[in-house]
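Single-structure report; data block below.
One-based numbering along the sequence shown. Numbering of ligands and ligand atoms starts at 1, following listing order. FYI, side chains are in, hydrogens and waters are out, and symmetry mates aren't considered; it's all heavy atoms of this structure.
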Amino acid sequence: MDQQNKVFYLEIEKNISPSLQLQAQLTIPLCPSSLTAFYGPSGSGKTTLLRCISGLDFPDQGIISMGEEIWVDTKKKLNLPPYRRNIGYVVQEDALFPHLRVEKNVGYGLKKKEGLSRADIKLKISQALKKTGIEQLASRWPSSLSGGEKRRVALARAIARQPSLLLLDEPLNGLDFKAKEQIRGLIEEIAYQSGCLTIMISHDKAEIIQMARYVGIISSGKLLQFGETRQVFSEPATIEVASIIGIENIIPGEIVYLEQGKVVVETPIGQLEAVLKERKDVFFRGRKIFCLFRAEDVSILKNDGLADRDIPKGSFSVRNRYTGRVKKIKMTEGLAHLSIDCGIMLNALISQSSLIEMKIRDGDSVSALVKTGAIHLIERDF
Ligand SMILES: Nc1ncnc2c1ncn2[C@@H]1O[C@H](COP(=O)(O)OP(=O)(O)OP(=O)(O)O)[C@@H](O)[C@H]1O
(Lines give C-alpha, C1' and ligand atoms only; values in the text may rest on other atoms or scores of the structure.)
Protein backbone atom coordinates (compact mmCIF):
# COMPACT_ATOMS: atom_id res chain seq x y z
CA MET A 1 0.00 0.00 0.00
CA ASP A 2 1.26 3.46 -0.85
CA GLN A 3 2.27 5.52 2.22
CA GLN A 4 -0.15 8.26 1.17
CA ASN A 5 -3.06 5.82 1.31
CA LYS A 6 -2.29 4.49 4.77
CA VAL A 7 -4.94 5.15 7.39
CA PHE A 8 -5.90 4.34 10.93
CA TYR A 9 -9.28 2.66 10.58
CA LEU A 10 -11.83 1.76 13.21
CA GLU A 11 -15.34 0.38 13.01
CA ILE A 12 -16.50 -1.12 16.28
CA GLU A 13 -19.46 -1.88 18.52
CA LYS A 14 -19.34 -2.71 22.20
CA ASN A 15 -21.97 -3.18 24.88
CA ILE A 16 -20.51 -1.10 27.70
CA SER A 17 -23.52 -1.69 29.97
CA PRO A 18 -27.14 -2.83 29.39
CA SER A 19 -28.08 0.80 28.68
CA LEU A 20 -24.99 1.99 26.81
CA GLN A 21 -23.68 0.70 23.50
CA LEU A 22 -20.53 2.08 21.94
CA GLN A 23 -20.72 2.54 18.16
CA ALA A 24 -17.92 4.24 16.27
CA GLN A 25 -16.52 4.36 12.79
CA LEU A 26 -13.67 6.60 11.66
CA THR A 27 -10.72 6.84 9.30
CA ILE A 28 -7.65 8.98 10.03
CA PRO A 29 -4.90 9.47 7.44
CA LEU A 30 -1.48 8.48 8.80
CA CYS A 31 0.40 10.84 6.56
CA PRO A 32 0.92 13.60 7.51
CA SER A 33 0.55 12.61 11.15
CA SER A 34 -1.92 14.65 13.14
CA LEU A 35 -3.90 15.01 16.33
CA THR A 36 -7.49 13.85 16.73
CA ALA A 37 -9.68 14.79 19.71
CA PHE A 38 -12.78 13.08 21.08
CA TYR A 39 -15.30 15.46 22.62
CA GLY A 40 -18.58 14.75 24.34
CA PRO A 41 -20.45 14.68 27.64
CA SER A 42 -19.11 12.86 30.68
CA GLY A 43 -19.92 9.15 30.60
CA SER A 44 -20.49 9.05 26.83
CA GLY A 45 -17.91 6.33 26.22
CA LYS A 46 -14.77 8.25 25.19
CA THR A 47 -12.39 6.42 27.55
CA THR A 48 -13.91 3.07 26.59
CA LEU A 49 -13.21 3.90 22.94
CA LEU A 50 -9.59 4.75 23.80
CA ARG A 51 -9.28 1.51 25.78
CA CYS A 52 -10.60 -0.49 22.81
CA ILE A 53 -7.95 1.15 20.60
CA SER A 54 -5.23 0.39 23.15
CA GLY A 55 -6.24 -3.26 23.51
CA LEU A 56 -7.10 -2.94 27.22
CA ASP A 57 -10.75 -3.40 26.27
CA PHE A 58 -12.20 -5.52 23.50
CA PRO A 59 -15.02 -4.59 21.12
CA ASP A 60 -17.86 -7.10 20.63
CA GLN A 61 -17.75 -6.54 16.89
CA GLY A 62 -15.56 -4.75 14.42
CA ILE A 63 -12.18 -3.97 13.00
CA ILE A 64 -9.29 -1.77 14.11
CA SER A 65 -6.28 -1.39 11.83
CA MET A 66 -3.19 0.75 11.69
CA GLY A 67 -1.96 1.02 8.12
CA GLU A 68 -1.57 -2.56 6.91
CA GLU A 69 -1.50 -3.97 10.45
CA ILE A 70 -4.80 -5.45 11.66
CA TRP A 71 -5.13 -5.03 15.42
CA VAL A 72 -8.69 -6.28 15.85
CA ASP A 73 -10.92 -8.28 13.56
CA THR A 74 -13.69 -9.90 15.57
CA LYS A 75 -14.87 -12.03 12.63
CA LYS A 76 -11.41 -13.59 12.47
CA LYS A 77 -11.18 -13.68 16.30
CA LEU A 78 -8.07 -11.52 16.02
CA ASN A 79 -7.16 -9.27 18.97
CA LEU A 80 -3.57 -8.11 19.21
CA PRO A 81 -2.47 -7.65 22.86
CA PRO A 82 -1.67 -4.05 23.90
CA TYR A 83 2.13 -4.51 23.90
CA ARG A 84 2.06 -5.63 20.24
CA ARG A 85 0.18 -2.54 19.04
CA ASN A 86 3.10 -0.12 19.49
CA ILE A 87 0.96 2.35 21.40
CA GLY A 88 1.75 4.94 24.04
CA TYR A 89 -1.14 5.54 26.46
CA VAL A 90 -1.35 8.28 29.07
CA VAL A 91 -4.37 7.63 31.26
CA GLN A 92 -6.30 10.37 33.11
CA GLU A 93 -4.51 10.01 36.44
CA ASP A 94 -0.99 9.56 34.92
CA ALA A 95 -0.58 6.27 36.87
CA LEU A 96 3.13 6.46 37.62
CA PHE A 97 4.65 3.59 39.63
CA PRO A 98 5.31 5.14 43.06
CA HIS A 99 8.09 2.65 43.91
CA LEU A 100 10.13 3.47 40.76
CA ARG A 101 12.27 6.54 40.18
CA VAL A 102 11.43 8.70 37.15
CA GLU A 103 13.91 7.01 34.78
CA LYS A 104 12.64 3.53 35.73
CA ASN A 105 9.08 4.70 35.20
CA VAL A 106 10.01 6.01 31.75
CA GLY A 107 11.83 2.78 30.84
CA TYR A 108 9.11 0.49 32.17
CA GLY A 109 7.50 -0.47 28.84
CA LEU A 110 10.82 -0.98 27.08
CA LYS A 111 11.64 -4.28 28.72
CA LYS A 112 8.88 -6.01 26.82
CA LYS A 113 10.04 -4.68 23.47
CA GLU A 114 12.04 -7.38 21.74
CA GLY A 115 15.67 -7.08 20.77
CA LEU A 116 16.58 -4.08 22.92
CA SER A 117 19.97 -4.15 24.62
CA ARG A 118 20.60 -2.44 27.98
CA ALA A 119 22.38 0.37 26.09
CA ASP A 120 19.41 0.76 23.69
CA ILE A 121 17.03 1.05 26.63
CA LYS A 122 19.25 3.63 28.32
CA LEU A 123 19.40 5.66 25.11
CA LYS A 124 15.63 5.56 24.60
CA ILE A 125 15.03 6.65 28.20
CA SER A 126 17.42 9.56 27.88
CA GLN A 127 15.89 10.59 24.52
CA ALA A 128 12.38 10.56 26.03
CA LEU A 129 13.53 12.52 29.10
CA LYS A 130 15.21 15.08 26.84
CA LYS A 131 12.23 15.45 24.55
CA THR A 132 9.90 16.08 27.46
CA GLY A 133 12.41 18.41 29.14
CA ILE A 134 12.79 16.45 32.38
CA GLU A 135 16.37 15.13 32.28
CA GLN A 136 17.00 16.78 35.65
CA LEU A 137 14.18 14.76 37.23
CA ALA A 138 15.59 11.34 36.24
CA SER A 139 16.44 10.19 39.77
CA ARG A 140 13.42 11.72 41.55
CA TRP A 141 10.53 9.72 43.07
CA PRO A 142 7.05 10.36 41.62
CA SER A 143 5.76 11.52 45.02
CA SER A 144 8.17 14.49 44.89
CA LEU A 145 6.88 15.80 41.53
CA SER A 146 4.42 18.56 40.70
CA GLY A 147 1.32 17.83 38.59
CA GLY A 148 2.97 19.20 35.44
CA GLU A 149 6.17 17.20 36.08
CA LYS A 150 4.16 14.00 36.62
CA ARG A 151 2.37 14.60 33.32
CA ARG A 152 5.72 15.00 31.56
CA VAL A 153 6.97 11.74 33.07
CA ALA A 154 3.80 9.98 31.93
CA LEU A 155 4.31 11.43 28.44
CA ALA A 156 7.99 10.47 28.42
CA ARG A 157 7.05 6.90 29.34
CA ALA A 158 4.45 6.82 26.56
CA ILE A 159 6.82 8.08 23.85
CA ALA A 160 9.94 6.17 24.99
CA ARG A 161 8.90 3.16 22.89
CA GLN A 162 8.57 5.45 19.86
CA PRO A 163 4.94 4.44 19.40
CA SER A 164 3.13 4.80 16.11
CA LEU A 165 -0.02 5.86 18.00
CA LEU A 166 -0.22 7.96 21.16
CA LEU A 167 -3.43 7.93 23.22
CA LEU A 168 -3.98 10.71 25.76
CA ASP A 169 -6.93 10.87 28.16
CA GLU A 170 -7.42 14.56 29.07
CA PRO A 171 -3.69 15.35 28.96
CA LEU A 172 -4.04 19.00 30.03
CA ASN A 173 -6.60 18.47 32.75
CA GLY A 174 -5.73 19.83 36.20
CA LEU A 175 -2.62 21.75 35.09
CA ASP A 176 -1.97 25.43 35.73
CA PHE A 177 -1.75 27.84 32.77
CA LYS A 178 2.05 27.65 32.35
CA ALA A 179 2.24 23.85 32.59
CA LYS A 180 -0.72 23.60 30.20
CA GLU A 181 1.03 25.78 27.60
CA GLN A 182 4.26 23.77 27.87
CA ILE A 183 2.63 20.35 27.66
CA ARG A 184 0.34 21.46 24.86
CA GLY A 185 3.38 22.51 22.83
CA LEU A 186 5.03 19.19 23.56
CA ILE A 187 1.98 17.19 22.46
CA GLU A 188 1.64 19.24 19.26
CA GLU A 189 5.30 18.59 18.47
CA ILE A 190 4.85 14.84 19.00
CA ALA A 191 1.67 14.76 16.89
CA TYR A 192 2.70 17.01 14.02
CA GLN A 193 6.50 16.91 13.87
CA SER A 194 7.57 13.53 15.25
CA GLY A 195 5.16 11.66 13.00
CA CYS A 196 3.24 9.95 15.82
CA LEU A 197 -0.49 9.84 15.21
CA THR A 198 -2.09 11.15 18.40
CA ILE A 199 -5.62 10.72 19.73
CA MET A 200 -6.74 12.57 22.85
CA ILE A 201 -9.86 13.12 24.91
CA SER A 202 -10.60 16.69 25.89
CA HIS A 203 -13.47 18.61 27.49
CA ASP A 204 -12.08 21.94 26.33
CA LYS A 205 -13.34 23.22 22.97
CA ALA A 206 -10.75 25.99 22.72
CA GLU A 207 -8.00 23.43 23.34
CA ILE A 208 -9.41 21.17 20.62
CA ILE A 209 -9.74 24.00 18.08
CA GLN A 210 -6.16 25.01 18.79
CA MET A 211 -4.61 21.53 18.78
CA ALA A 212 -6.65 19.01 16.81
CA ARG A 213 -6.86 18.58 13.05
CA TYR A 214 -9.77 16.14 13.47
CA VAL A 215 -12.52 15.88 16.05
CA GLY A 216 -15.04 13.17 16.88
CA ILE A 217 -18.23 14.13 18.74
CA ILE A 218 -19.44 11.33 21.02
CA SER A 219 -22.73 11.15 22.90
CA SER A 220 -24.41 8.17 24.60
CA GLY A 221 -21.83 5.83 23.12
CA LYS A 222 -22.32 6.98 19.52
CA LEU A 223 -19.68 8.72 17.45
CA LEU A 224 -22.11 11.23 15.96
CA GLN A 225 -19.77 13.14 13.69
CA PHE A 226 -16.12 12.89 12.75
CA GLY A 227 -14.19 15.27 10.54
CA GLU A 228 -11.88 18.26 10.31
CA THR A 229 -12.17 20.25 13.53
CA ARG A 230 -13.04 23.62 11.98
CA GLN A 231 -15.70 22.05 9.80
CA VAL A 232 -17.34 20.01 12.59
CA PHE A 233 -17.41 23.01 14.93
CA SER A 234 -18.83 25.38 12.32
CA GLU A 235 -21.04 22.94 10.41
CA PRO A 236 -22.49 20.35 12.79
CA ALA A 237 -24.38 17.63 10.91
CA THR A 238 -27.29 17.36 13.36
CA ILE A 239 -29.03 19.41 16.01
CA GLU A 240 -27.67 16.98 18.65
CA VAL A 241 -24.08 17.74 17.61
CA ALA A 242 -24.90 21.47 17.50
CA SER A 243 -26.09 21.42 21.10
CA ILE A 244 -23.14 19.29 22.32
CA ILE A 245 -20.63 21.71 20.80
CA GLY A 246 -22.59 24.63 22.25
CA ILE A 247 -23.82 26.59 19.22
CA GLU A 248 -25.56 29.44 21.01
CA ASN A 249 -28.16 30.43 18.40
CA ILE A 250 -30.44 27.73 16.95
CA ILE A 251 -33.44 29.32 15.20
CA PRO A 252 -36.19 27.21 13.62
CA GLY A 253 -37.56 28.34 10.28
CA GLU A 254 -38.82 27.46 6.83
CA ILE A 255 -37.23 28.19 3.47
CA VAL A 256 -39.32 30.76 1.56
CA TYR A 257 -36.90 31.67 -1.20
CA LEU A 258 -34.00 29.88 -2.82
CA GLU A 259 -31.70 30.78 -5.65
CA GLN A 260 -28.12 30.04 -6.61
CA GLY A 261 -26.01 30.66 -3.53
CA LYS A 262 -28.75 32.33 -1.47
CA VAL A 263 -31.54 31.14 0.85
CA VAL A 264 -34.17 33.20 2.64
CA VAL A 265 -35.72 31.61 5.72
CA GLU A 266 -38.88 32.72 7.53
CA THR A 267 -38.20 32.55 11.29
CA PRO A 268 -39.86 33.79 14.50
CA ILE A 269 -37.47 36.80 14.49
CA GLY A 270 -38.19 37.70 10.87
CA GLN A 271 -36.63 36.75 7.56
CA LEU A 272 -33.08 35.51 7.65
CA GLU A 273 -30.78 35.39 4.65
CA ALA A 274 -28.04 32.78 4.42
CA VAL A 275 -25.47 31.64 1.91
CA LEU A 276 -26.12 28.24 0.41
CA LYS A 277 -22.74 26.54 0.40
CA GLU A 278 -23.47 22.95 -0.62
CA ARG A 279 -25.87 20.01 -0.22
CA LYS A 280 -28.32 21.97 -2.35
CA ASP A 281 -30.47 18.91 -3.03
CA VAL A 282 -31.79 18.73 0.54
CA PHE A 283 -32.93 22.35 0.59
CA PHE A 284 -36.07 23.45 -1.25
CA ARG A 285 -38.88 25.94 -0.80
CA GLY A 286 -41.07 24.94 2.15
CA ARG A 287 -38.30 22.82 3.77
CA LYS A 288 -38.26 23.13 7.57
CA ILE A 289 -34.77 23.89 8.80
CA PHE A 290 -32.71 25.20 11.70
CA CYS A 291 -30.50 28.26 11.26
CA LEU A 292 -27.38 27.97 13.41
CA PHE A 293 -24.87 30.67 14.24
CA ARG A 294 -22.37 31.39 16.96
CA ALA A 295 -22.77 34.23 19.48
CA GLU A 296 -19.39 35.58 18.32
CA ASP A 297 -20.86 35.99 14.82
CA VAL A 298 -23.52 38.39 16.11
CA SER A 299 -22.51 42.08 16.07
CA ILE A 300 -24.36 44.76 17.98
CA LEU A 301 -25.59 48.14 16.79
CA LYS A 302 -26.94 50.50 19.42
CA ASN A 303 -30.27 51.89 18.26
CA ASP A 304 -30.23 55.03 20.40
CA GLY A 305 -33.99 55.35 20.20
CA LEU A 306 -34.09 54.94 16.43
CA ALA A 307 -36.91 52.79 15.11
CA ASP A 308 -36.21 50.20 12.40
CA ARG A 309 -37.65 52.47 9.72
CA ASP A 310 -35.21 55.26 10.67
CA ILE A 311 -32.18 53.16 9.79
CA PRO A 312 -31.96 52.98 5.99
CA LYS A 313 -31.32 49.46 4.71
CA GLY A 314 -28.39 50.53 2.54
CA SER A 315 -26.48 52.03 5.49
CA PHE A 316 -24.81 48.77 6.65
CA SER A 317 -23.46 45.72 4.84
CA VAL A 318 -24.88 42.97 7.05
CA ARG A 319 -28.04 41.46 5.54
CA ASN A 320 -29.66 40.25 8.76
CA ARG A 321 -30.65 42.79 11.41
CA TYR A 322 -33.03 42.13 14.32
CA THR A 323 -34.14 44.67 16.87
CA GLY A 324 -34.55 43.65 20.48
CA ARG A 325 -33.96 44.55 24.11
CA VAL A 326 -30.94 43.43 26.11
CA LYS A 327 -32.25 41.03 28.75
CA LYS A 328 -29.02 39.86 30.35
CA ILE A 329 -25.31 40.75 30.26
CA LYS A 330 -22.76 38.28 31.58
CA MET A 331 -19.05 39.16 31.80
CA THR A 332 -16.26 36.59 31.46
CA GLU A 333 -12.57 37.05 30.66
CA GLY A 334 -12.77 40.34 28.77
CA LEU A 335 -15.92 39.30 26.92
CA ALA A 336 -19.56 40.28 27.33
CA HIS A 337 -22.28 37.71 26.64
CA LEU A 338 -25.55 39.44 25.74
CA SER A 339 -28.99 37.83 25.64
CA ILE A 340 -31.23 39.92 23.40
CA ASP A 341 -34.99 39.42 23.27
CA CYS A 342 -35.91 39.67 19.60
CA GLY A 343 -39.12 37.66 19.94
CA ILE A 344 -36.93 34.70 20.74
CA MET A 345 -33.64 35.10 22.53
CA LEU A 346 -30.52 35.80 20.47
CA ASN A 347 -27.06 35.44 22.01
CA ALA A 348 -24.20 37.76 21.15
CA LEU A 349 -20.58 37.82 22.28
CA ILE A 350 -18.68 41.11 22.11
CA SER A 351 -15.62 42.51 23.86
CA GLN A 352 -16.13 44.18 27.22
CA SER A 353 -14.40 47.29 25.83
CA SER A 354 -17.02 47.54 23.04
CA LEU A 355 -19.78 47.14 25.60
CA ILE A 356 -18.32 49.94 27.73
CA GLU A 357 -17.72 52.23 24.73
CA MET A 358 -21.28 51.70 23.48
CA LYS A 359 -22.64 52.17 27.03
CA ILE A 360 -24.94 49.17 26.66
CA ARG A 361 -27.06 48.31 29.70
CA ASP A 362 -29.85 45.86 30.54
CA GLY A 363 -33.09 46.94 28.86
CA ASP A 364 -31.41 48.93 26.04
CA SER A 365 -32.78 48.60 22.54
CA VAL A 366 -30.13 47.20 20.16
CA SER A 367 -29.90 45.65 16.73
CA ALA A 368 -28.31 42.21 16.40
CA LEU A 369 -26.47 41.85 13.09
CA VAL A 370 -25.75 38.43 11.63
CA LYS A 371 -23.62 37.96 8.52
CA THR A 372 -25.09 35.61 5.93
CA GLY A 373 -21.86 33.60 5.69
CA ALA A 374 -21.90 32.82 9.42
CA ILE A 375 -25.19 30.92 9.24
CA HIS A 376 -25.21 27.15 8.93
CA LEU A 377 -28.44 25.41 7.91
CA ILE A 378 -29.55 21.92 8.87
CA GLU A 379 -32.76 20.08 8.07
CA ARG A 380 -35.53 19.86 10.67
CA ASP A 381 -38.15 17.13 10.83
CA PHE A 382 -40.36 18.52 13.58
N1 LIG B 1 -17.10 -2.28 32.68
C2 LIG B 1 -18.13 -1.46 32.80
N3 LIG B 1 -19.31 -1.90 33.28
C4 LIG B 1 -20.37 -1.08 33.41
N5 LIG B 1 -20.33 0.23 33.09
C6 LIG B 1 -19.19 0.71 32.60
C7 LIG B 1 -18.03 -0.09 32.42
N8 LIG B 1 -17.04 0.67 31.91
C9 LIG B 1 -17.57 1.91 31.80
N10 LIG B 1 -18.83 1.93 32.22
C11 LIG B 1 -19.74 3.09 32.22
O12 LIG B 1 -19.87 3.50 30.88
C13 LIG B 1 -19.97 4.90 30.80
C14 LIG B 1 -18.92 5.42 29.85
O15 LIG B 1 -17.67 5.39 30.49
P16 LIG B 1 -16.40 6.11 29.86
O17 LIG B 1 -15.35 6.16 30.94
O18 LIG B 1 -16.03 5.44 28.60
O19 LIG B 1 -16.97 7.57 29.56
P20 LIG B 1 -16.23 8.95 29.24
O21 LIG B 1 -16.96 9.55 28.09
O22 LIG B 1 -14.77 8.72 29.07
O23 LIG B 1 -16.50 9.76 30.56
P24 LIG B 1 -15.64 10.97 31.25
O25 LIG B 1 -15.66 12.09 30.26
O26 LIG B 1 -16.43 11.25 32.48
O27 LIG B 1 -14.27 10.43 31.54
C28 LIG B 1 -19.83 5.42 32.23
O29 LIG B 1 -21.12 5.68 32.74
C30 LIG B 1 -19.17 4.28 32.96
O31 LIG B 1 -19.53 4.26 34.33
Side-chain angles (χ1 to χ4, degrees), residues 8-26 28 35-64 71-72 74 79-82 85 87-96 147-148 150-151 154-155 157-158 163 165-176 179-180 183-184 187 191 197-212 214-227 229 232-233 236-247:
F8 173 77
Y9 178 75
L10 173 149
E11 185 179 1
I12 57 166
E13 285 185 21
K14 179 182 175 63
N15 285 313
I16 299 178
S17 70
S19 59
L20 188 65
Q21 198 194 28
L22 180 67
Q23 280 180 350
Q25 197 253 312
L26 59 85
I28 309 172
L35 193 145
T36 289
F38 291 136
Y39 181 78
S42 187
S44 56
K46 304 179 294 297
T47 300
T48 308
L49 180 53
L50 235 54
R51 286 175 59 82
C52 286
I53 296 171
S54 72
L56 293 172
D57 231 325
F58 188 50
D60 300 324
Q61 275 186 56
I63 293 177
I64 302 177
W71 288 353
V72 173
T74 50
N79 179 27
L80 230 54
R85 296 188 188 195
I87 277 176
Y89 189 4
V90 179
V91 296
Q92 253 182 55
E93 54 286 346
D94 299 330
L96 301 180
K150 280 185 188 148
R151 194 66 46 86
L155 263 173
R157 184 172 62 190
L165 177 60
L166 180 63
L167 302 172
L168 307 169
D169 201 338
E170 301 201 48
L172 305 182
N173 199 24
L175 300 176
D176 65 28
K180 227 177 222 187
I183 290 177
R184 195 179 65 207
I187 293 171
L197 184 72
T198 304
I199 301 179
M200 71 170 190
I201 292 173
S202 170
H203 282 107
D204 186 332
K205 265 187 299 174
E207 191 175 291
I208 293 175
I209 289 168
Q210 205 163 10
M211 296 174 74
Y214 304 101
V215 68
I217 308 296
I218 302 183
S219 178
S220 305
K222 314 271 180 303
L223 180 62
L224 299 175
Q225 190 173 354
F226 182 82
T229 305
V232 173
F233 279 123
T238 62
I239 207 72
E240 196 181 353
V241 173
S243 70
I244 292 168
I245 64 175
I247 300 252

Under 4.0 Å to a heavy atom of Leu20 - the qualifying atoms of ligand 1, by number | 12 (O), 13 (C), 14 (C)
Going by the atom numbers of ligand 1, which of them fall below 4.0 Å from some non-hydrogen atom of Ser44?
-> 19 (O), 20 (P), 21 (O)
Nearest non-hydrogen protein atom, [atom]:
{"atom": "atom 15 (O) of ligand 1", "answer": "Thr48 OG1, 3.9 Å"}
{"atom": "atom 25 (O) of ligand 1", "answer": "Lys46 NZ, 2.8 Å"}
{"atom": "atom 1 (N) of ligand 1", "answer": "Ile16 O, 4.6 Å"}
{"atom": "atom 19 (O) of ligand 1", "answer": "Gly45 N, 3.2 Å"}
{"atom": "atom 17 (O) of ligand 1", "answer": "Thr47 CB, 3.5 Å"}
{"atom": "atom 27 (O) of ligand 1", "answer": "Gln92 NE2, 3.3 Å"}
{"atom": "atom 23 (O) of ligand 1", "answer": "Gly43 N, 2.8 Å"}

Give me the one residue out of Val215, Leu10, Ile217, Leu26 that meets side chain to side chain contact (heavy atoms under 4.5 Å, CB included) with Phe226.
-> Leu26
Within 4.0 Å of atom 31 (O) of ligand 1 (strictly less), any protein heavy atom?
-> no
Could you tell me which residues satisfy side-chain hydrogen bond (donor to acceptor under 3.5 Å, both in side chains) with Glu240, sequence neighbours excluded, listed by chain and number?
-> none
Does the side chain of Pro171 reach to within under 4.5 Å of the side chain of Val90, using non-hydrogen atoms?
-> no
Go through Leu172 and Asp204 one step at a time and tell me if the side chain to side chain contact (heavy atoms under 4.5 Å, CB included) criterion holds.
-> CA-CA 9 Å; Leu172 305 182; Asp204 186 332; over 6 Å; no
Apply side chain to side chain contact (heavy atoms under 4.5 Å, CB included) to Lys150 and Leu96, showing your working.
-> CA-CA 8 Å; Lys150 280 185 188 148; Leu96 301 180; 3.9 Å; yes
Specify side chain, backbone, both or neither for His203, according to which of its non-hydrogen atoms lie closer than 4.0 Å to ligand 1.
-> side chain
Please confirm whether the backbone N or O of Ile208 pairs with a side-chain atom of Ser202, one donor and one acceptor, at under 3.5 Å?
-> no
Please check if the side chain of Lys14 supplies one atom and the backbone of Phe58 the other of a donor-acceptor pair under 3.5 Å.
-> yes
Going by heavy-atom distance to atom 26 (O) of ligand 1, choose the closest among Ser42, Pro41, Gly40.
-> Ser42
How many angstroms lie between atom CD of Gln225 and atom CD1 of Ile245, to the nearest 0.5 angstrom?
-> 7.5 Å
